[in-house]
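Both backbone and side-chain heavy atoms feed into the values below; hydrogens, waters and symmetry mates do not. Here is how names work: the chains are called A, B, and so on, in the same order as the sequence lines, proteins then strands, and each is numbered from 1. Model, not experiment: these values are computed from the prediction.
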Amino acid sequence: MKNKLPIVSFVAALVTMGIGIFVMIGWFIHNDFMRMLVPGQVKMKFNVASGFVLSSIVLLLYHFREKNKIWSYVSILLSVIVSLIGLLTLAEYIFGINIGIDEFFVKDELRTTAIYYAGRMSPLSAINLLLIGIGLLLLNKEKAAAFQFFYLFGIAFVSLLMLISFNFIADIPTYIGLAIHVAIGFITLSIAIWFAQPELQAKISFERKLFTGFIAIIILIVLLSVFSSYYSDKRISTSRLVEHTNNILSEAGQTLSLTKDIESGGRGYIITGDSDYLEYFTIAKNNIFSHVKKLKELTADNPAQQVRIDSLSALITKRIDFSLQCIQLTNDKGFEAARALMDTRMGKFYTDKIRKVTSAIQQEENDLLIQRQKENNKSIVSFNRAFFIFLGCVFILLVIILFSIRNNFAFRRKAEKQIKESEEQIQTIFRAAPDAVVVIDSEGKITKWNSMSETLFGWSADEVLGKPLSETIIPHRYREAHKKGMKHFLKTGEGPVLGKAIEIQALNKNNIEFDVALSISPTIVNEKHVFIGFIRDITERKKAEEKLKESEEKFQKTFQASAAGISITRLSNATYLDVNDAFVKMTGYAKEELIGHTSVEQGMIINFERREKILQQIREHGSVKNFEITVRNKSGKMLEVLTSVETILLNGEKYAINIIYDITERKKAERELEAVNEELEAFTYSVSHDLRAPLRGIIGFIAMLEEDYSSKLDDEAKRITSVIKDNTLRMGLLIDDLLAFSRMGKQEILKTRIDTQIMVKEMIDGLVQQNKELVISWDIRPLPPVNADINTIRQVWINLISNAIKYSGNKENQRIEIGAFNQEGQTAFFIKDNGVGFDEQYKSKLFKVFQRLHSTEEFEGTGVGLALVEKIVSKHGGKVWAEGEVNKGAIFYFSLPAEDIEQKQKSLYHES
Amino acid sequence: MNHNSVEILLVEDNANDAELAIRELKKHNMANNLVHVKDGEEALEFIFATGKYAGIRDIGFPPKVVLLDIQMPKVNGIEVLQKIKSDDRTRSTPVVMLTSSKEDPDVKKCYELGANSYIVKPVNFEGFAEAIKNLGFYWLLLNQPPT
């Protein structure tokens with residue numbers, strides 16, 4: 001029992017069952033209180049009670065529904081029995097027969113009369129039970145909702161009416177009447193059945209309920225009218241009764257007075273002999289019986305009065321006869337004879353009797369009148385009460401109807417407002433939708449076209465509304481398929497493209513096709529099929545997809561074709577996701593041996609510390625650049641590899657892209673080169689030390705010779721010793737230069753900011769100081785500062801300036817120009833002289849070590865200076881070059897990377 | 001010769017260089033108390049009064065200056081320098097290194113080890129003579145050794 005309604009039903013069913021059992025017991029023990037509740041009322045019949053009990057059982061079974069078939073069969077059987085009880089009883093009424101079901105279970109003490117059938121229930125009850133039986137069979141059937149509502153309402157309504165009527169209106173035939181507990185029982189049973197099916201309540205439309213309410217009111221009003229007219233008749237009959245009684249009274253009175261006329265007329269004639277008296281007598285005698293006759297007619301419905309009137313009539317006859325005898329005697333024998341007869345007082349005797357009878361008649365009529373007036377008044381009063389109760393019912397019903405109409409209207413207004421709002425909302429959505437929304441009818445004609453559609457297709461709404469979709473935005477090759485698809489859908493309700501997003505091409509106003517995503521939803525509006533299409537331009541997405549595909553392909557190709565070994569590993573567990581061919585070749589492992597495995601598993605790692613270092617760097621920086629590590633390949637050979645790792649996110653998981661180069665050979669070469677270099681170093685060292693020692697000896701001992709034996713040496717000997725000394729010195733110089741040159745290769749470059757201007761100025765000052773005889777016109781332009789190694793760059797300047805001085809030394813008006821300019825982002829310096837210059841065809845030899853363009857006799861030199869310059873400048877990342885012409889001078893250039901911004905700022909800071 | 005009053009200890013394996021140096025020092029009267037040893041091993045024996053100098057020399061009387069060639073067989077000049085400068089008894093003895101080239105990387109090392117000066121033995125004899133002369137003056141006449 002999910003909510004309260006079934007509980008109501010359950011309780012009502014129990015109450016009904018209680019009533020049924022209570023009355024059944026009443027029948028078994030013949031207790032009238034239990035059968036009637038109110039004395040004088042009709043009894044509740046045993047069959048009705050059993051109908052109540054059976055119906056309640058069906059309902060209770062329904063509430064405790066078991067998935068047991070037997071119980072459902074029992075319910076059906078009981079329901080059929082209930083409706084059969086009703087049906088058979090009705091049949092008895094209709095065909096006027098007794099088939100013995102009324103007293104099937106118990107006997108009724110009252111016997112069948114013209115207005116009472118022993119043990120038979122009211123026809124109303126019979127109808128009710130029939131309907132209830134059917135209703136129980138149709139419990140909770142959706143199609144029977146209206147039936148359930150009407151019959152249950154009807155039963156409850158009629159029972160309620162009966163309940164009221166029977167307490168106030170006495171004039172209802174007893175056999176259709178319902179006992180109080182029958183009425184109550186039907187009401188509770190109706191409630192029980194109705195609330196057992198809460199689902200049905202929603203099925204009953206408001207109109208239907210309203211209609212039912214009005215029917216109830218109409219029935220009430222009809223009943224009121226019927227009763228009203230019945231009781232106004234009753235009022236009329238009361239006044240007729242009075243008139244009738246008055247008539248009788250007056251007739252009786254006249255009869256009496258005529259009797260008196262007869263008496264006094266006879267007596268007067270006898271006493272006086274006046275024939276006038278006789279005339280009175282005769283008139284009275286002739287009229288009196290017409291009154292008696294009238295009296296008899298008026299009281300025809302009252303046997304007691306008839307008897308009285310008959311005796312009255314006899315008495316009157318006797319009285320008339322007596323008077324006639326007296327008159328006869330007077331006429332025949334005279335007054336005295338008549339007097340003797342009169343003295344018998346027979347006349348008075350009859351008259352007194354007549355008077356008595358008349359007054360008895362009058363009395364009876366008066367009593368009757370009073371009694372009837374009383375009866376009428378009583379039923380009128382009770383009817384008045386019922387009338388007001390009915391009127392109250394009508395009023396209450398009207399109020400209920402009024403309120404429910406009001407509520408319903410309010411509800412409707414609210415619903416309408418909501419519909420309107422939701423309609424507006426839909427309109428807004430339609431207008432503002434980021435997709436083109438197009439609606440077409442079942443003929444394929446466009447009925448709606450939102451602003452995004454206008455933007456997307458270039459057609460304005462006015463242009464396309466009412467036009468077939470197939471003539472606007474559908475590319476020609478799809479038009480037939482579109483029409484067929486629609487026809488197919490309208491026929492079968494199936495459409496392969498409906499209800500899902502498809503990618504297709506559409507046509508814009510300029511007849512240009514483009515890619516769209518389309519989804520079509522069929523729906524029904526005003527009982528007609530319409531199709532709502534949502535269309536989105538996916539050109540850009542397609543392009544992006546294409547690009548992505550291309551880029552993926554590019555990556556794939558690069559990945560596979562790369563000479564470097566590339567692997568992609570899952571960072572979480574270091575397993576390989578993919579490796580390229582070069583990687584496979586390098587490591588010697590097949591792809592299958594690597595994918596899903598780790599390098600450690602395959603025994604490739606031999607230096608775990610170094611591997612850990614790489615992993616740590618990945619964790620800290622996300623990448624590793626040019627890390628050297630030794631790994632073992634499948635055949636056990638040690639490989640030296642240069643590894644670079646970048647991490648990427650794929651589907652939320654971190655992967656490492658590892659690029660390795662096999663540098664085993666290179667490392668070997670490097671090591672060899674290093675060894676060679678070391679050898680060369682040792683060689684240079686020994687050159688500088690060991691070659692110089694004998695030189696020192698030669699020079700030292702020649703000096704000793706010159707010092708100690710100069711007197712013994714002739715001029716030629718002195719010349720020879722001088723030549724030996726010069727050559728030895730030259731050799732010393734050569735060794736020094738060579739040493740400097742070879743050192744340069746190893747020298748580290750330590751960059752600082754050099755103020756070129758100052759350095760060059762000081763250098764020239766120094767040179768001029770040393771050689772006072774030099775007459776040179778210097779032209780020194782602004783020289784920008786550079787960021788370089790001061791010791792080596794100083795050497796460059798010294799060598800170049802010295803060269804300029806040296807090679808222009810044979811010129812008169814010797815001139816040297818020094819300047820700077822910007823070249824390709826580098827600062828270029830030049831030193832220009834007007835000396836001997838050089839032949840451009842030997843230019844390539846200028847900067848080569850021991851290569852000279854002039855003989856030693858012409859110009860001193862070892863052929864190392866410019867080679868050293870070239871070496872220093874290129875170590876700085878710069879360039880040297882030269883221009884020259886024989887006897888016209890030479891220009892030597894060298895460039896250095898321009899001082900970078902950071903350095904500039906630093907220098908500015910220092911300067912300030 | 002009294003080995004305890006030596007003013008200059010010349011450690012030089014090259015006989016020619018040694019002769020030239022001694023000749024030059026003699027010229028300026030500075031070779032009176034000069035001892036010339038031909039390798040590092042002997043130099044150490046002399047300085048620390050061991051080996052063949054054991055008993056004939058007292059370590060408490062060091063030479064006023066040691067002229068020490070770098071390139072020598074057996075025990076080279078750098079090792080000798082290191083031994084002198086790492087021993088408290090000899091640390092204060094001035095040591096002047098003799099080298100063939102000023103660009104010799106050993107020069108730097110010598111200074112680090114505590115050499116007091118150095119002389120490039122130039123090919124040019126005049127230059128060498130000048131250097132020796134200046135050195136002799138400086139270390140023997142001007143410089144006061146720590147007491």
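Partners of A:Y709 by ring-ring contact (aromatic ring centres under 6.0 Å, His included), not counting sequence neighbours: none found.
The environment of A:K848 atom NZ is sparse: at most 12 non-hydrogen atoms of other residues, nucleotides or ligands sit within 6.0 angstrom. Within a 6.0 Å radius of NZ in B:K85, more than 12 heavy atoms belonging to other residues, nucleotides or ligands are found. Other residues, nucleotides and ligands contribute more than 12 heavy atoms inside 6.0 Å of the NZ atom of A:K806.
A distance of 10.5 Å separates CD1 in A:I699 from CG in B:L20, rounded to the nearest 0.5 Å. Atoms CZ and CG, from A:R696 and B:N16 in turn, are 9.5 Å apart once rounded to the nearest 0.5 Å. The distance from the CE atom of A:M704 to the CD atom of B:E24 is 10.0 Å, given to the nearest 0.5 Å.
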